[in-house]
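Here's the structure we're looking at; comments come further down.
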Amino acid sequence: VPVDMARLGAKVRFDTVAGVAEVLAEVDFSIDGPDGYPVFDLRQDVGAACLDGRQVPPEALAHSDLGAGWDARARVVDLILEAGSWHRLELSYRLGRPEAEAAKGIDWDTTAGGVSWDLGMSDLSPGRYLESWFPANLCHDSLAIELSIEVGGTSRPHLVLANGDVEERKPGRSWEVRYPARFTSLSPLLSLCPADRAEVLTRGPVTVALLPGARADAAHVAADTSAWLAYFSARYGPPAHGEGFLALIWGEARGMEYDGATTAPEPALEHEVFHSWFGRGVKPASARDGWVDEAVATWATASRRAGGSRFLVEELGLDEPPAILCPPHPWSRHTPGEAYATGARLLAGVAHMAGGAAALRAALASWHEAHAGRAASTEDLARHLSSWCGRDLKPWWDRYVYGEITAEACS
Ligand SMILES: [Zn+2]
């Protein structure tokens with residue numbers, strides 16, 4: 001049964017001499033359905049566990065394939081808990097590389113007393129949101145998150161960058177980070193590194209940090225980010241994340257969006273800033289709905305993964321190859337790679353039916369206004385765009401989102 005998590009609190013202590021990070025985490029949750037076995041996830045090896053103050057063996061929190069494949073496995077508590085009841089789960093463990101596809105671990109520099117760590121999330125594989133590192137719910141649930149970070153065994157000052165409130169307790173070595181209660185498991189950005197490894201620049205509400213390998217000028221990045229924030233605010237409405245924005249630029253090819261923040265290579269910045277309206281402003285109701293974010297961002301920004309140009313308008317019949325953008329199983333937890341090009345192609349067709357690119361931008365602004373700061377589903381978007389196009393888009397959704405060949409297409 002699904003749980004409703006109200007709060008996650010975790011203390012992480014990095015020992016730069018031993019190259020070990022120890023975690024104490026606690027989550028408060030209620031049972032959000034009938035009596036049953038609660039589901040959550042954590043892609044780390046649990047050392048010890050307590051439920052409601054009583055020790056439970058880690059095997060009682062083992063992963064299960066819930067039907068969407070082993071990649072999308074989740075932990076199932078081997079105890080029946082009553083509908084509506086409240087519980088506290090406490091876990092202790094050592095942080096290792098998350099057990100999820102393409103996940104990276106902690107980068108230790110034990111000789112120079114340094115540690116670099118990034119939550120490093122991804123939509124493309126299951127288990128790559130907050131559950132990579134901490135006990136967390138799946139991404140439909142909002143929860144208050146409080147992280148306490150401490151770096152020990154070194155006099156080298158470190159830096160924490162996050163899209164929450166960061167309170168530095170001991171300069172360069174301990175921090176409390178609190179994220180807003182509207183955040184879900186795909187919202188928080190946190191990056192820790194030796195302070196001498198990052199160049200940080202704040203210009204008004206925009207903070208830019210250049211991480212090792214970044215090929216960019218911090219002032220230029222701040223200027224571009226400010227311009228995109230102003231344009232998206234004017235066109236799609238005030239952002240749910242508020243005024244501030246945190247842009248971490250790194251040397252890796254991939255970028256990731258967070259609420260009012262990104263970690264990205266410089267060329268991906270516009271796409272990632274846009275996600276603070278679509279993806280992390282209007283959030284996916286479940287991980288299966290994540291295709292919407294990439295389809296919209298690819299259609300509306302200068303994205304390298306787009307098949308056509310930005311704001312493409314192109315008639316779309318029901319005779320192009322079908323595609324599965326929304327995986328069918330309810331416990332599926334990934335965005336298929338086709339979401340970018342095929343999703344943008346679908347939106348180019350919707351723009352044609354809506355009366356042009358400006359009409360689709362207006363439809364997206366109204367979509368953002370209706371759902372900013374909350375979740376919306378694949379079906380919600382079909383209904384919304386159908387009303388803007390003055391026709392039922394179900395046959396297009398069936399073929400290009402759910403991969404079904406409709407009778408109409410066969411006839
Ligand atoms: Zn994206």
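Small disclaimer: the values here were computed from a predicted structure and weren't measured.
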Checklist entry - Going through the distances and angles, do S187 and K283 end up as a side chain to side chain contact (heavy atoms under 4.5 Å, CB included)? => result CA-CA 9 Å; S187 300; K283 294 186 172 72; 3.2 Å; yes
>> Is any side-chain heavy atom of W367 closer than 4.5 Å to one of V296?
In response: no
inquiry  = Strictly below 4.0 Å, N to O, side chains only: are R128 and E101 in salt-bridge contact?
reply    = no
* Is there a donor-acceptor contact under 3.5 Å from the side chain of S387 to the main chain of H384? -> yes
Dump the intermediate steps for side chain to side chain contact (heavy atoms under 4.5 Å, CB included) on W331 and L138, then the final yes or no.
CA-CA 9 Å; W331 292 101; L138 307 190; 3.7 Å; yes
Practice task
Test side chain to side chain contact (heavy atoms under 4.5 Å, CB included) on E167 and D165 and set out the steps.
Solution key: CA-CA 6 Å; E167 186 190 334; D165 280 338; over 6 Å; no
Determine yes or no for a side-chain-to-main-chain donor-acceptor pair under 3.5 angstrom, with R288 supplying the side chain and H329 the backbone. yes
Rounding to 0.5 Å, atoms CG (L8) and OG (S185) come to a distance of 10.5 Å
Report yes if the side chains of L91 and F134 come closer than 4.5 Å at any heavy-atom pair, otherwise no. no
Quiz item: Just by modelled atom types, is the A219 backbone N or O under 3.5 Å from a matching donor or acceptor in the R203 side chain?
Solution: no
inquiry  = Is any side-chain heavy atom of L51 closer than 4.5 Å to one of L61?
reply    = no
So CG of N137 and CG of L130: to nearest 0.5 Å the spacing works out to 10.5 Å
Between A74 and V39, the two heavy atoms sitting closest are CB-CG1, 3.7 Å
Rounding to 0.5 Å, atoms CD (E131) and CD (Q44) come to a distance of 11.0 Å
ask   = Under 30°, 30 to 60°, or over 60°: which ring-plane class applies to F14 and W117, parallel, tilted or perpendicular?
value = tilted
Using a 3.5 Å distance criterion without hydrogens, assess whether the side chain of S276 forms a donor-acceptor pair with backbone atoms of G260. yes
**Student check: side-chain heavy atoms of S286 and S377 closer than 4.5 Å** = no
Note to self: Tell me whether W396 contacts the main-chain N or O of A382 through its side chain, where contact means a donor paired with an acceptor under 3.5 Å.
What the structure shows: no
Discussion item. Determine whether a donor-acceptor pair (N or O, by modelled atom type, separation under 3.5 Å) exists between the side chain of N163 and the backbone of D259.
Written reply: yes
Donor-acceptor contacts, no H, no angles, side chain residues 240-254, under 3.5 Å, sequence neighbours left out:
{"unit_1": "H241", "atom_1": "NE2", "unit_2": "G244", "atom_2": "O", "d": "3.4"}
{"unit_1": "W250", "atom_1": "NE1", "unit_2": "R254", "atom_2": "O", "d": "2.9"}
{"unit_1": "E252", "atom_1": "OE1", "unit_2": "K104", "atom_2": "NZ", "d": "3.4"}
{"unit_1": "E252", "atom_1": "OE2", "unit_2": "K104", "atom_2": "NZ", "d": "3.3"}
{"unit_1": "R254", "atom_1": "NH1", "unit_2": "M121", "atom_2": "O", "d": "3.2"}

For R7, is there an ion pair with E26 - N to carboxylate O distance below 4.0 angstrom?
yes
Interatomic distance, CZ@R173 vs CG@L159, rounded to 0.5 Å, equals 14.5 Å
Pair D71, H334 - check side chain to side chain contact (heavy atoms under 4.5 Å, CB included), show working. CA-CA 9 Å; D71 279 359; H334 70 284; over 6 Å; no
When you measure from the side chain of R94 to the backbone of V20, do you find a donor-acceptor pair of N or O atoms at a distance under 3.5 Å?
no
Legend entry - Side chain H275, main chain A297, donor-acceptor under 3.5 Å: no
Note: S191 and D118 closest approach over all heavy atoms is OG-OD2, 3.0 Å
Evaluate the ring planes of F232 and Y236, with Trp represented by its six-membered ring, and classify them as parallel (under 30°), tilted (30 to 60°) or perpendicular (over 60°). tilted
CG (L393) and CZ (R399) are apart, to the nearest 0.5 Å, by 15.0 Å
- Where do D109 and T111 land on the side-chain hydrogen bond (donor to acceptor under 3.5 Å, both in side chains) test, with the steps shown first? CA-CA 6 Å; D109 180 357; T111 49; 3.1 Å; yes
Review point. Below 4.0 angstrom, N of the basic side chain to O of the carboxylate: do R13 and E150 qualify?
Key: yes
**Side chains of T378 and W291, donor plus acceptor under 3.5 Å** = yes
### Task
Answer whether the closest heavy-atom distance between the side chains of P328 and Y402 falls below 4.5 Å.
no
(message) Tell me if a side-chain donor or acceptor on R73 pairs with a main-chain N or O of W70 at a distance below 3.5 Å.
(response) yes
Original post:
Are F311 and W299 an aromatic pair by the rule of ring centers under 6.0 Å?
Top reply: yes
Between R43 and E99 the two heavy atoms that sit nearest each other are NH1-O, 2.9 Å
Could you walk me through whether E176 and R169 pass the salt bridge (Lys or Arg N to Asp or Glu O under 4.0 Å) test, one step at a time? CA-CA 7 Å; E176 296 288 324; R169 288 284 175 88; 3.7 Å; yes
Verify, without hydrogens or angle tests, whether T16 (side chain) and G152 (backbone) share a donor-acceptor contact under 3.5 angstrom.
yes
Rounded to the nearest 0.5 Å, the CZ atom of R235 sits from the CZ atom of F274 at a distance of 10.5 Å
